[in-house]
Amino acid sequence: MTGAPDGRIRLTVLGGFLGSGKSTWLRHQLHDGALAGAHVIVNEIADAPVDQVMLRGSADLSVLAGGCACCAGLGRLVALLRELADRRVSGLRLDRIVLETSGLADPAPIVTAIRDDPVLAHHILVSEVIVAVDALHGLDQLASEPLGRAQVQLADRLVITKVDAADMAQLRTTLATLRAVNPMAALSGAVHGSPVALPDFAGVAPLPLPIGSGATAAQPIAAVKLSLGDDIDWTALTLWLSALLHARGDDVLRVKGVVRTPAGRLLLQAVRSTVQSPEILPDDGNDADEVDAVVVIGRGFSLRTLQQSLRSFAGLA
Ligand SMILES: [Zn+2]
């Protein structure tokens with residue numbers, strides 16, 4: 001396992017609702033999977049350190065106890081990550097960190113805090129947000145819990161857990177709904193942490209999600225996917241994104257795009273109004289990301305208006 005191509009430590013944020021099975025999945029990945037050898041940070045809100053006991057022996061472990069890492073415990077998370085970065089500078093072998101958040105955490109403030117901290121941004125690349133979704137209860141949580149939707153919207157990868165226990169029709173609806181909430185996340189299935197195939201859900205209707213309440217939530221959150229033609233260049237795209245975030249930052253939850261450039265495939269991301277510096281994606285020929293497309297997740301956007309504003313920024317309209 002290696003760190004980021006630029007030498008930074010890769011940080012994977014693992015989230016998911018309470019009971020989503022993320023600890024089981026993580027344990028399996030640490031033993032057999034792509035996360036073997038990672039330093040694990042487990043965030044415990046409660047005093048009973050269940051996850052910690054389960055993970056002991058399988059990983060180099062830090063426990064962040066007594067406060068959720070996305071809110072009350074955020075300062076302590078930043079301090080812990082700075083300490084790990086310092087230890088690496090002094091010779092500790094550390095290429096990858098996995099942060100297992102509490103089930104109540106919204107990954108967005110965590111990702112933003114790391115990117116906004118000059119010391120952490122220098123040492124750590126938030127390389128992936130993985131969110132576990134329970135095949136039995138995930139659909140209810142998406143419908144009834146804004147936090148459940150926030151977690152899914154932020155994910156680069158959604159792992160559907162307990163696939164064997166779900167009714168097939170419900171599983172397909174869950175998959176279609178996840179795809180509607182976050183069109184760009186890679187989807188995979190798991191049973192007891194081992195990968196399993198997911199059923200085809202083409203043509204299955206997603207569950208209509210409820211409209212939020214409150215002044216800024218008058219409209220439902222939706223994902224809009226723009227395909228970029230050959231005539232949109234990188235400069236126009238980044239200018240347009242900056243303008244969009246300045247004008248409509250409160251309505252944007254997430255932007256993710258993959259654009260082909262002469263330097264390779266570039267990943268462009270914004271979480272809320274923080275834009276991450278673009279990343280060149282490895283050319284592994286095995287990537288789920290769609291090229292030359294941008295997804296905007298937020299409120300009050302239509303495909304037509306977004307496409308029009310992008311084309312006007314590119315000088316095409
Ligand atoms: Zn929190």
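On a predicted model such as this, the values are computed, not experimentally measured, just so you know. All ligand and atom numbering here is 1-based and tracks the order in the structure.
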Item checked: Heavy-atom side-chain proximity of Q29 to L14 below 4.5 angstrom -> no

Check: Is it true that a side-chain atom of Q307 and a backbone atom of S227 form a donor plus acceptor pair closer than 3.5 Å?
Finding: yes

Item checked: Side-chain heavy atoms of R8 within contact of S127, under 4.5 Å -> no

Notebook entry, point to check: Under 2.8 Å from the Zn ion (ligand 1), which protein atoms of type N, O or S occur, listed by chain and number?
Noted result: C68 SG, C70 SG, C71 SG

Next item on the list: Please answer whether the main-chain N or O of A121 pairs with a side-chain N or O of R115 as donor and acceptor at a distance below 3.5 Å.
Entry: no

Check: Does the R88 side chain pair with the main chain of L94, one donor and one acceptor, at a distance under 3.5 Å?
Finding: yes

Item checked: Nearest non-hydrogen partners of L30 and A38, listed with the distance -> CD2-CB, 4.4 Å

